[in-house]
Amino acid sequence: MDTIAIIGGGPAGLQAAVRLRELGFEATVFEEHEAIGLPENCGGLISRSGVKALGLDLGECLQNEIRGAKIFSPNGTMLKILCPKPVAYVIERKEFDQMLARKAKEKGVKIAPHSRLIDIHGQSLFFKSKERGELKKAEYVIGADGVNSAVRQLMGTSISGQNFIHTAQATCTGNFEKETVEVYLGNFAEGFFGWMVPVSNEKARIGLGCRLGKNPAENLQKFISQKYPDAKSYGTKSSLIPCGAPLTGTQLQKGNMMLLGDAAFQTKATTGGGIIFGMKAGNILAETIAEHLKHKKPLSQYEKNLAPLNKELRMHWKIRKYFDGMKNGEIDALIAKLKAKGIEEFLEKEGDMDNPSKFVGKLAGRPKFWFMARTLLDIARS
Ligand SMILES: Cc1cc2nc3c(=O)[nH]c(=O)nc-3n(C[C@H](O)[C@H](O)[C@H](O)COP(=O)(O)OP(=O)(O)OC[C@H]3O[C@@H](n4cnc5c(N)ncnc54)[C@H](O)[C@@H]3O)c2cc1C
């Protein structure tokens, strides 16, 4: 019997597997696809602070370094945040996942490709493997199986469509500013935004997210031709991003089943970024299971141990909700006011793309931003 079955060989599941091995426990990663990292569909933008905190050596996955962002309101008003040093990296996602898988294998993690989880009954797990059914046994199941998690469904959790963003993203060639990502706000990307993540001066990933039912692929083509008229796009892919509060209680852990990463909504609702948070949560879950196996600590500790991470994720969710309620004109007015009050300089000094708690309190403490006091206090109380 496998002690711990990890469903899904993405960054969150692989990191949990590595950490479990470091703590002395057996873990098998079951991945539905033949190869780790495929199909690839990601902007590949991760924070420098997150990379440092996780002790990652990006090696050949590193494609670009980012010093800031340009944020455009619907009428074109721009906030430009440019830091003196890189604050984020652009990675080649397939290589990144495969690098994590190599590290996991070196530590002794077993990876079972072609293993699609279909059902769970107690400690019995049913997989579909190359058109054949397979039965495996495991004492604990980690559902790190992404946004459409089968484990989440088998735990009986159903999530309404309002908590998902439908995205389309293409690879583009053209002329891009290598050091800044670009973000376009407005009702053309209702509930989310349009983005450009530069891989180099000649290549970028351009994408757009919106609520379900709004046809992001069609909107993306319009977005690219309007904002990047000289760009040539290819390889458009569509996918969902979880966009809601992180799961808690029996939605997070039920009996021997636990959710992790996108499956658990451990994704920043402001940007859709989930690599760093999923991996950090992977470490926390591995340590929780180790404490359970060594010292009989309850698995419900997982939620308690996630508290600092979930505080940040809830802040991201509140910031997202604040923008969601706004019409184009209101976003224009807000961006113009923030620019006039010096938000660019403030974010260059104090901004943190992962941890809003590091700057929301400071923002609330500056009288010139008190016009947003109620919102800032609400976010800070997450
Ligand atoms: C267009 C787009 C752009 C993005 N850009 C960024 C970005 O720039 N930065 C960032 O941090 N995040 C980004 N994200 C989000 C990021 O991709 C996810 O947050 C991250 O991949 C979550 O990791 P995970 O390990 O939880 O899940 P995943 O990476 O989704 O891995 C889940 C794995 O489980 C497997 N699986 C699924 N079901 C089963 C099953 N039943 N049985 C077995 N295996 C199964 C899948 O094949 C997959 O390999 C983006 C997402 C999208 C869609």
Side-chain angles (χ1 to χ4, degrees), residues 5-17 28-47 50-51 63-64 66 88-91 93-94 96-98 100-101 111-120 125-129 134 136 141-154 164-171 181 183 192 194-197 199 205-209 216-217 220 236-243 259-282 285 313 353-354:
I6 300 175
I7 314 302
L14 290 167
Q15 182 64 27
T28 303
V29 173
F30 295 91
E31 166 56 47
E32 67 173 325
H33 292 106
E34 180 183 2
I36 295 290
L38 291 173
E40 188 180 10
N41 187 17
C42 184
L45 185 74
I46 52 176
S47 65
V51 168
Q63 295 184 306
N64 191 14
I66 298 293
Y89 300 120
V90 180
I91 53 167
R93 183 59 201 277
K94 180 188 79 182
F96 180 74
D97 286 19
Q98 293 188 350
L100 293 176
I111 299 183
H114 288 301
S115 303
R116 179 173 192 202
L117 179 87
I118 303 292
D119 208 351
I120 304 175
L125 281 66
F126 299 89
F127 291 92
K128 188 174 171 191
S129 176
E134 273 190 10
K136 303 272 179 192
V141 180
I142 296 178
D145 47 350
V147 61
N148 298 312
S149 172
V151 179
R152 190 175 66 223
Q153 284 165 36
L154 293 167
F164 295 95
I165 289 294
H166 195 179
T167 68
Q169 183 180 256
T171 305
V181 298
V183 170
F192 215 58
W195 67 85
M196 187 281 291
V197 175
V199 173
R205 296 181 191 119
I206 301 184
L208 179 146
L220 176 64
T236 302
K237 287 186 191 142
S238 233
S239 192
L240 295 182
I241 286 183
C243 195
L259 295 181
L260 176 65
D262 272 16
F265 280 65
Q266 288 159 349
T267 317
K268 295 181 285 181
T270 47
T271 65
I275 299 171
I276 295 293
F277 274 80
M279 292 179 71
K280 285 184 176 175
L285 178 53
L313 288 170
M353 65 189 267
D354 282 349

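Numbers here simply count residues along the sequence, with the first being 1. First listed ligand is number 1; within each ligand, the first listed atom is number 1.
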Aromatic ring centroids of F265 and F164 under 6.0 Å?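 Centroid distance F265-F164: below 6.0 Å, so yes.
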Residue-level breakdown please: for [X] versus ligand 1, do any non-hydrogen atoms fall below 4.0 Å on the side chain, on the backbone, on both, or on neither?
| X | result |
| --- | --- |
| I7 | side chain |
| V147 | neither |
| F127 | neither |
| T167 | side chain |
| A263 | neither |

Rounded to the nearest 0.5 Å, how far apart are [atom1] of [X] and [atom2] of [Y]?
| X | Y | atom1 | atom2 | answer |
| --- | --- | --- | --- | --- |
| I118 | F127 | CD1 | CZ | 9.5 Å |
| E31 | D97 | CD | CG | 9.0 Å |
| L240 | D262 | CG | CG | 10.0 Å |
| K237 | E40 | NZ | CD | 6.0 Å |
| K94 | C42 | NZ | SG | 14.0 Å |
| T271 | I241 | OG1 | CD1 | 8.0 Å |

Considering only protein heavy atoms, which is closest to [atom], and at what distance to one decimal place?
| atom | result |
| --- | --- |
| atom 19 (O) of ligand 1 | D262 OD1, 2.7 Å |
| atom 9 (N) of ligand 1 | L45 O, 2.8 Å |
| atom 13 (C) of ligand 1 | C42 SG, 3.6 Å |
| atom 40 (C) of ligand 1 | L117 N, 3.7 Å |
| atom 34 (O) of ligand 1 | G8 CA, 3.1 Å |
| atom 25 (O) of ligand 1 | A12 N, 3.0 Å |
| atom 12 (N) of ligand 1 | G274 N, 3.1 Å |
| atom 27 (O) of ligand 1 | G146 CA, 3.8 Å |

Show which atoms of ligand 1 fall inside a sub-4.0 Å distance from at least one heavy-atom site of [X].
| X | value |
| --- | --- |
| A144 | 32 (C), 33 (C), 34 (O) |
| S239 | 53 (C) |
| F30 | 43 (C), 44 (N) |
| G43 | 3 (C), 4 (C), 5 (N), 6 (C), 8 (O) |
| S115 | 42 (N), 43 (C) |
| I241 | 51 (C), 52 (C), 53 (C) |

Do R205 and Q63 get their side chains close enough for a donor-acceptor pair, meaning under 3.5 Å?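 Yes - a donor-acceptor pair under 3.5 Å links their side chains.
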At their closest point, which heavy atom of [X] faces which heavy atom of [Y], and how far apart are they?
| X | Y | value |
| --- | --- | --- |
| L259 | Q266 | O-NE2, 4.3 Å |
| G143 | A263 | O-CB, 3.4 Å |
| V29 | G13 | CG2-O, 4.5 Å |

Backbone or side chain, does any N or O of [X] fall under 3.5 Å from an N or O of ligand 1?
| X | answer |
| --- | --- |
| L240 | no |
| Q169 | no |
| G261 | no |
| H33 | yes |
| E31 | yes |

Nearest-option assignment for atom 31 (O) of ligand 1, heavy atoms, candidates P242, A16, G37, G10: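 The option holding the nearest heavy atom is G10.
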Check step by step if side-chain contact (heavy atoms from CB on, under 4.5 Å) holds for M279 and L100. CA-CA 11 Å; M279 292 179 71; L100 293 176; 3.8 Å; yes
Does the residue [X] have a heavy-atom contact with ligand 1, meaning some pair of atoms that are separated by less than 4.0 Å?
| X | answer |
| --- | --- |
| G272 | yes |
| R93 | yes |
| G44 | yes |

Just by modelled atom types, is the [Y] backbone N or O under 3.5 Å from a matching donor or acceptor in the [X] side chain?
| X | Y | result |
| --- | --- | --- |
| S149 | V147 | no |
| T28 | A5 | no |
| D145 | A150 | yes |

Would you say the side chain of I7 lies within less than 4.5 Å of the side chain of L125, judging by non-hydrogen atoms?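 They are in side-chain contact.
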